Amino acid sequence: MPEGHVVHSQAKAMKRAFAGRPVAVDSPQGRFAEGAALLDGATVTSTQAYGKHLFIGFEAGRWVHVHLGLFGKWRIAKGEPPAVRGLIRLRLVNDTHHAELRGPTACEVLTDEERAAAISRIGPDPIRPDADPLRAWEKVTRSRVAIGALLMDQRLFAGVGNIYRAEVLFRHEISPFRPGVQVSWPDFDAIWTDLTVLMADGVKRRRIDTVRPEHLPEIMGRLARRDRHGGEVYVYRRAGLPCYLCGDEVQVTDMQARNLFWCPTCQRT
DNA sequence: AGCTCATGGCGAG
DNA sequence: TCGCCCTGAGCTG
């Protein structure tokens, strides 16, 4: 259940564990049996993350494209793989490591061309140094869609998910309902720059921490607890609780079938 | 045991 | 906008 920072962490972990060596590939569950048979024993060349998409490169110009969706999970560990338990779509095993993939939305073999086409459909990713934020700005500034929805659009902000969108808007006191066209360049620039920092930090720490250091003592004093997502945040999943900064109730509503959290007092349209 | 919810995204209508 | 896909954790009883 990842946002982009988790996918980037996992791409790095997979690279350390598998790159440059042959790997046994199978699909205990059977739903990736054909792809597994094609790649079994091939050498892993590289791994790459673009937004929430992971690409595992194999010799002969083949790639495994994985998207975890809401439920997908990787388990990457040292040593021999444990006995199969549950539904494992894809398993990678070499002399030192193993990886198990469960519940992905996408797990497919792509050619070089198909991989390039897939990447061209993914928007700029704040975690990637080669990302061009102007691609996002051009669309945001011409859109009447709410910025809270635009932030979830992977063609604009690849890798951003429900936690980062809620938190980055809170940090900049921007209402999620403000139309893109009414987001100023300085506001957009602040959002983008902040995402690059927050998400890069997320890759390193493998959790989402968005609370500014100066607010941490206050929040700890109020019995802040780590929620299931792991990390300290301002508004995500805090509906009905007092805003840490103003004390008014954090709100939740549905925006495009996802829970959107915000503080109506701190965040202005 | 069964229900609900979750850091996503797709396609039908 | 809705239904659907995928899995597991955390409740309830």
Side-chain angles (χ1 to χ4, degrees), chain A residues 1-11 13 27-33 35 49-55 64-76 82 84-91 99-108 110 117-123 125-127 145-146 148-171 176 195 198-211 225-240 250 252-262:
Chain A
M1 301 186 265
E3 300 196 15
H5 67 300
V6 172
V7 180
H8 280 262
S9 289
Q10 289 170 337
S27 176
Q29 173 200 46
R31 285 187 53 182
F32 187 63
Y50 286 79
K52 298 167 189 167
H53 299 258
L54 172 69
F55 298 89
V64 171
H65 168 229
V66 173
H67 193 296
L68 295 177
L70 193 49
F71 310 126
K73 269 192 176 73
W74 278 107
R75 260 200 40 150
I76 306 163
V84 171
R85 199 176 318 141
L87 301 174
I88 302 176
R89 181 82 59 91
L90 162 64
R91 185 166 63 167
E100 299 170 337
L101 173 64
R102 297 164 196 273
T105 289
C107 176
E108 57 184 351
L110 301 183
I119 289 173
S120 74
R121 276 180 245 118
I122 304 170
D125 173 351
I127 296 175
V145 174
L150 293 174
L151 275 165
M152 295 291 276
D153 185 336
Q154 300 299 296
R155 293 166 301 182
L156 275 61
F157 300 92
V160 171
N162 206 20
I163 304 178
Y164 282 122
R165 79 123 160 218
E167 294 296 311
V168 79
L169 289 173
F170 180 89
R171 283 167 60 93
L195 285 171
L198 289 175
M199 294 176 77
D201 179 71
V203 175
K204 282 192 206 112
R205 304 170 66 125
R206 295 183 180 182
R207 49 180 265 176
I208 298 179
D209 288 290
T210 59
V211 174
R225 59 177 187 279
R226 276 180 62 160
D227 210 335
R228 258 178 296 170
H229 53 88
E232 301 300 343
V233 294
Y234 287 107
V235 290
Y236 177 71
R237 280 212 200 177
R238 294 196 65 249
V250 173
V252 63
T253 191
D254 226 57
M255 189 181 266
Q256 263 134 29
R258 309 299 302 280
N259 284 326
L260 167 69
F261 301 87
W262 85 104

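Given the structure is predicted, the values throughout are model-derived calculations rather than measurements. Naming convention: chains lettered A, B, ... in sequence-line order (proteins, then strands); numbering from 1 in each chain.
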- [ ] Examine C:dG8: is either OP1 or OP2 under 4.0 Å from a nitrogen or oxygen in the side chain of A:Arg102? Give yes or no.
- [x] yes
TODO: Using a heavy-atom cut-off of under 4.0 Å over every strand shown, decide if A:Leu87 touches base, sugar-phosphate, or nothing.
DONE: sugar-phosphate
Task: Whole-Å gap separating P (B:dT7) and OH (A:Tyr234) - done: 21 Å
Open item on the list: C:dC6, OP1 or OP2 - any side-chain N/O from A:Arg31 closer than 4.0 Å?
Closed with: yes
Open item on the list: Just to be sure I understand the rule, does A:Arg165 reach a base, reach only the sugar-phosphate, or reach nothing, if contact means heavy atoms closer than 4.0 Å?
Closed with: nothing
Open item on the list: Would you say A:Gln29 places a side-chain N or O within less than 4.0 Å of OP1 or OP2 belonging to C:dC6?
Closed with: no
- [ ] Anything under 30° is parallel, anything over 60° is perpendicular, the rest tilted; go ahead and classify A:His65 against A:His53.
- [x] parallel
Open item on the list: The criterion is side-chain hydrogen bond (donor to acceptor under 3.5 Å, both in side chains); which residues satisfy it with A:Tyr164, sequence neighbours excluded?
Closed with: none
Task: Any residue meeting salt bridge (Lys or Arg N to Asp or Glu O under 4.0 Å) with A:Arg258, in chain and number order, not counting sequence neighbours - done: none
Hey, what are the protein-to-nucleotides 10-13 of chain B N/O distances that come in under 3.5 Å?
none

Task: C:dC5 versus B:dG13 - spacing of their P atoms, nearest Å - done: 15 Å
Open item on the list: Can you measure A:Leu70 atom CG to B:dA6 atom C1' for me and round it to whole angstrom units?
Closed with: 5 Å
- [ ] For residues 157-171 of chain A, pull every pair meeting salt bridge (Lys or Arg N to Asp or Glu O under 4.0 Å), keeping only residues two or more places apart or in separate chains.
- [x] A:Arg171-A:Asp194
- [ ] For A:Arg206, enumerate each residue passing the salt bridge (Lys or Arg N to Asp or Glu O under 4.0 Å) test, keeping only those at least two apart in sequence or located in another chain.
- [x] none
- [ ] Just jot down the salt bridge (Lys or Arg N to Asp or Glu O under 4.0 Å) partners of A:Arg89, sequence neighbours excluded, or say none.
- [x] none
Open item on the list: Need one value for A:Gln256: base, sugar-phosphate or nothing, where a base atom within 4.0 Å counts as base even if backbone is also close, heavy atoms only.
Closed with: nothing
- [ ] Among the candidates C:dC6, C:dG8, B:dA6, find the nucleotide nearest to the side-chain atoms of A:Asn259.
- [x] B:dA6
- [ ] In whole angstrom, give the distance that lies between atom CD of A:Gln154 and atom C1' of B:dG9.
- [x] 9 Å
